[in-house]
Structure formats: C-alpha cells, structure tokens
Amino acid sequence: MNAAPRPPTSAMKPLLSVLAGEKVWPPPVWLMRQAGRYLPEYRAVRAEVPDFVALCLDPVRAAEVTLQPIRRFGFDAAILFSDILMLPWALGHGLAFKEGEGPVLPKLRDAAALDRLDPTQVRSRLAPVMETVTRIRQGLAGEGFDRTTLIGFAGAPFTVACYMIEGGGSKDFAATRALAYADPALFDRLMDVLVEATVDYLSAQVEAGAEVLMLFDSWAGVLSPTLFRRHVIVPAQKIVARLAALHPETPVIGFPRLAGLMVGAYAQETGIAAVGLDTGMDPLAAARLVGPGIAVQGNLDPMALVAGGTALRGEAEAILTALRGQRLIFNLGHGIVPQTPPEHVGALVEQIRAA
Ligand code: 1CP
C-alpha cells in the first residue's frame with residue numbers, strides 16, 4: 001500500500017492543492033480539448049498523420065500536441081492527447097475516424113460481439129499511450145512547467161458503451177438506451193468488462209506518470225435517474241474505489257455531462273475529488289448540491305470563448321463571482337470548438353489569473 005493522501009501544502013501544484021482540499025485563488029485553469037484544431041501548430045502535426053488513431057499511438061507527436069497549449073497559455077494542467085475510444089480499439093472492437101464524420105465503430109448488440117472483446121490485450125496495445133504519458137511528464141519538467149499537472153483520462157463505461165453499441169456518435173443514443181432496458185444482463189456484462197479495462201488502463205497511466213485522472217461521461221445525461229444510478233454512479237464508484245486501493249495519492253475528476261440534478265448524488269456517492277459541471281449548470285446551485293467536500297470544475301460556455309470580447313468577460317466573471325474563494329478549477333462546460341480564436345483563450349487565461 002502507498003502512503004495516505006498527502007495534506008495540501010502551498011508548495012503543491014495549484015490543481016493538486018485544490019484536489020487535496022485547499023481553496024486556491026485565483027483558481028487553476030485548463031480547458032477541455034485544449035489541444036486541437038483551433039491551434040495552427042496542432043493542425044500542422046495533424047497534417048503529418050492523417051489517421052487520428054495513428055496520431056494517438058505516436059508518442060512523440062502525441063506528447064508534442066499535448067505540450068503545445070501549455071507553451072502558448074501556461075495552463076495549470078496538461079491533458080494526455082488521446083481519445084476515449086482508444087479503449088474499445090484496444091479491446092479489439094475496431095475504430096476508424098472518418099473525415100468530417102467522426103468515429104465509426106462496429107455495432108455491439110449481442111453476446112457474441114461482447115465475447116469477442118479481449119481485455120488481456122489492453123495494456124500491450126495501449127503501451128504507446130503510456131509512453132506518451134511518460135514523455136509529457138519529461139517534457140513538462142524539461143521545459144520548466146513546474147506548476148502544470150498532468151491529467152490522464154478515460155471515457156466512463158457508459159459513454160464508451162454508447163459509441164460501441166450505437167456504432168458512432170448520436171444525438172440521443174436511442175439504440176443504447178433501448179438495449180439497456182431490453183437486455184439488462186448483456187448491458188451489465190458489457191459495463192463490467194469496461195470497468196475492469198478502465199481500471200487497468202488508468203492504473204497504467206498513473207504508473208507512467210499521470211498525476212490526476214479524469215473520467216469523461218459525456219452522455220451520462222441521456223439516462224433516466226434509475227439507469228443513471230446503475231450505469232453512471234455504480235461504475236464510477238467501482239473504478240474510483242479500485243484506483244484508490246492501487247494509487248491512493250491520485251485524485252479522480254468525474255464529468256457526468258448533462259447530469260442535471262443527479263450531479264449531487266454522483267459527486268457524493270462516487271468518491272471523486274472534483275466534479276466537472278457542464279455549460280447549462282448554475283455553478284452556485286450545483287456547488288450546493290455537490291457539497292463542501294468536493295471541488296467543482298467548469299463551466300464556461302465554449303461559444304462564449306468563440307465570441308470573445310465583453311460576452312466572454314461577462315460569462316467568465318459570472319463563474320468567478322459565483323464561486324469566489326471556493327474550491328474551483330476553471331474550465332469550459334464542454335470541449336473547445338475548432339473555430340475558437342486562440343487570442344480569446346489567451347484573454348481568458350489573463351482574466352482568470354487576475355481574478
Ligand atoms: O480531427 C481531429 O483532429 C480529431 C478531433 C479529436 C480530438 C482533438 C477527436 C475525435 N478526439 C480528440 C482528442 C480528445 N478527445 C481528447 C484529448 C485531450 C484534450 O482534451 O485536449 C479528449 C480528452 C477526448 C475525449 C473524448 N473523445 C470525448 C469526451 C469528451 C467530450 O468531448 O465529450 C468524446 C465523447 C470523444 C469522442 C470523439 N473523439 C473525436 C470526436 C470528433 C468525438 C466526438 C464524436 C461525437 O459524438 O460526435
């Protein structure tokens with residue numbers, strides 16, 4: 001067993017301090033999808049590797065694009081450049097990214113397809129991702145980013161299952177929800193496979209150098225409260241408990257997007273250190289539901305970042321005012337969109353640092 005979680009000290013990186021229970025002001029700031037197509041330097045690397053899966057499996061380039069936004073903006077966190085769908089890929093499920101279409105996967109609808117998944121291959125097939133993690137840690141230290149924390153991540157089992165069952169993106173994941181009601185035993189078995197594989201994958205990321213982990217449950221909010229408990233809260237509980245036993249010093253941030261009122265139960269019952277709020281959540285009301293023991297992360301509208309100017313300043317100020325002096329990690333309510341002007345990101349970081 002490792003030592004108990006360290007008490008916070010001001011010598012800690014700001015993000016780790018907030019996650020350890022300290023109130024840090026101005027709040028640490030990073031942005032979901034901060035590496036990506038809005039940056040010309042990302043587009044240049046992307047042009048060298050047209051296949052997105054190949055980019056995620058290229059440790060030198062993946063580490064490079066992870067560091068690009070840190071060099072430009074000095075964010076408090078770097079997030080591993082990869083994708084939540086690399087886990088189904090590693091399970092042997094198949095994955096392709098089609099230009100302009102997003103991800104395309106085979107549709108998992110029966111026990112035969114589930115039985116074809118091979119969890120024994122996850123660590124070896126994702127070894128290049130672990131090498132990326134190690135390279136990012138070395139890059140951050142080598143370039144003097146001593147206050148920047150490295151976040152590893154995975155999709156949460158329900159959101160990963162959404163893409164595996166639906167065969168790609170969807171606006172409401174109707175086939176996934178229908179299957180959850182029609183064949184609960186099959187659905188539970190898929191969730192169990194994904195819980196195990198996710199623990200294995202995230203644990204390997206910590207061993208490689210990740211300091212914080214984040215679970216992206218982007219489609220949690222399409223579920224009824226009953227199914228939300230069964231397929232969002234319970235799997236997150238299992239993953240966080242297993243990781244806490246393996247790596248007690250590594251905090252987990254959960255992002256149950258569109259959870260609405262369920263955010264309170266999610267935050268209190270899963271064992272996470274911080275909860276990500278999506279764009280539609282009132283930060284003060286959400287923080288009350290979440291309770292004092294858990295930090296909140298969020299939740300600027302990515303479209304305010306596209307607009308810039310007074311709209312951006314006003315929206316950022318509203319979050320800072322609502323949670324002034326609280327345990328806040330400033331972020332967006334969802335990922336940066338490609339049309340975002342990089343100067344607006346710079347202006348936002350300046351505003352947060354002056355808060
Ligand atoms: O063309 C390109 O360059 C690919 C665009 C892209 C990028 C930059 C995809 C395809 N994935 C990523 C990277 C990525 N994805 C990261 C890297 C780190 C960072 O934040 O900078 C992370 C954390 C993700 C996570 C991810 N992928 C989520 C969860 C968060 C969210 O945005 O809701 C989801 C749902 C995905 C699936 C995915 N990957 C890519 C696309 C276009 C999609 C969405 C498909 C859809 O449902 O429409």
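Residue numbers run from 1 in the order of the sequence given. In each ligand, atom 1 is the first atom listed, and ligand 1 is the first ligand listed.
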- Query: Quick one: nearest non-hydrogen protein atom to atom 5 (C) of ligand 1, plus distance?
  - Reply: Arg37 NH2, 4.1 Å
- Salt bridge present between Asp115 and Arg189 (N-O < 4.0 angstrom): yes
- Message: Which of the numbered atoms in ligand 1 are under 4.0 angstrom from any heavy atom belonging to Ile84?
- Response: 25 (C), 26 (C), 27 (N), 28 (C), 34 (C), 35 (C), 36 (C)
- Item | Flag for Trp25-Gln326: side-chain donor and acceptor within less than 3.5 Å | no
- Message: List ligand 1 atoms under 4.0 Å from Gly169, heavy atoms only on the residue side.
- Response: 47 (O)
- From the options Val29, Ile352, Ile329, Thr148, select the one residue that forms a side chain to side chain contact (heavy atoms under 4.5 Å, CB included) with Asp76. Val29
- Can you list the atoms of ligand 1 that are under 4.0 Å from a heavy atom of Ser218? 29 (C), 30 (C), 31 (C), 33 (O), 35 (C)
- Message: At less than 4.0 angstrom from any non-hydrogen atom of Ala35, what atoms of ligand 1 do you find?
- Response: 21 (O)
- Task: Could you tell me whether ligand 1 has any atom less than 4.0 Å away from a heavy atom of Tyr163?
- Result: yes
- Message: Assess the residue pair Asn299 and Leu332 against the criterion (side-chain contact (heavy atoms from CB on, under 4.5 Å)); give the C-alpha distance rounded to whole Å, side-chain angles, the decisive distance to 0.1 Å, and a yes or no.
- Response: CA-CA 4 Å; Asn299 70 339; Leu332 301 177; over 6 Å; no
- Task: Please state whether Leu31 comes within less than 4.0 angstrom of ligand 1, counting heavy atoms only.
- Result: no
- Note on the structure: Checking heavy atoms under 4.0 Å, the part of Tyr42 that sits near ligand 1 is side chain
- Message: Using a 4.0 Å cutoff against the non-hydrogen atoms of Leu80, which atoms of ligand 1 qualify?
- Response: 17 (C), 18 (C)
- Query: Distance from Leu179 atom CG to Ile165 atom CD1, nearest 0.5 Å?
  - Reply: 5.0 Å
- Message: Could you tell me, atom by atom, which parts of ligand 1 come under 4.0 Å of a heavy atom of His334?
- Response: 31 (C), 32 (O), 33 (O)
- Item | Phe187/Tyr181 aromatic ring centres below 6.0 Å | no
- CE of Met214 to CG of Asn331, rounded to nearest 0.5 Å, is 6.5 Å
- Within a distance of under 4.0 Å, is there any protein heavy atom near atom 48 (O) of ligand 1? no
- Short N-O contact, Glu166 and Arg177, less than 4.0 angstrom: no
- Message: Give me the residue, atom name and distance of the protein heavy atom closest to atom 10 (C) of ligand 1.
- Response: Phe97 CE2, 3.3 Å
- Would the Phe52 and Phe81 ring centres measure less than 6.0 Å apart? yes
- Task: Fit a plane to each ring of Phe153 and Phe216, take the angle between them on a 0 to 90° scale, and name the class: parallel (under 30°), tilted (30 to 60°) or perpendicular (over 60°).
- Result: perpendicular
- N/O to N/O below 3.5 Å, does that happen between Arg257 and ligand 1? no
- Numbered atoms of ligand 1 (with element) below 4.0 Å of Arg46, judged on heavy atoms: 1 (O), 2 (C), 3 (O)
- Task: Report the C-alpha distance between Leu126 and Met86 in whole Å, list the side-chain angles of each, state the deciding distance to 0.1 Å, and finish with yes or no for side-chain contact (heavy atoms from CB on, under 4.5 Å).
- Result: CA-CA 8 Å; Leu126 293 175; Met86 293 308 288; 4.1 Å; yes
- Numbering as shown, the atoms of ligand 1 that approach Ile79 to under 4.0 Å (heavy-atom distance): 18 (C), 19 (C), 20 (O), 21 (O)
- Note on the structure: the protein heavy atom lying closest to atom 17 (C) of ligand 1 turns out to be Ser82 O, 3.5 Å
- Message: Working note: Glu64 + Arg135, criterion salt bridge (charged side-chain N to carboxylate O under 4.0 Å, His left out); need CA distance, chi angles, decisive distance, verdict.
- Response: CA-CA 9 Å; Glu64 168 61 24; Arg135 281 176 176 271; over 6 Å; no
- When you measure from atom 38 (C) of ligand 1 to each heavy atom in Asp83, Leu332, Asp217, which option holds the nearest one? Asp83
- Item | The one among Arg33, Met86, Lys171 that brings a heavy atom closest to atom 43 (C) of ligand 1 | Arg33
- Out of Phe216, Phe52, Phe153, Phe81, the nearest non-hydrogen contact to atom 9 (C) of ligand 1 is supplied by Phe52
- Item | Pro103 to ligand 1, any heavy atom closer than 4.0 Å | yes
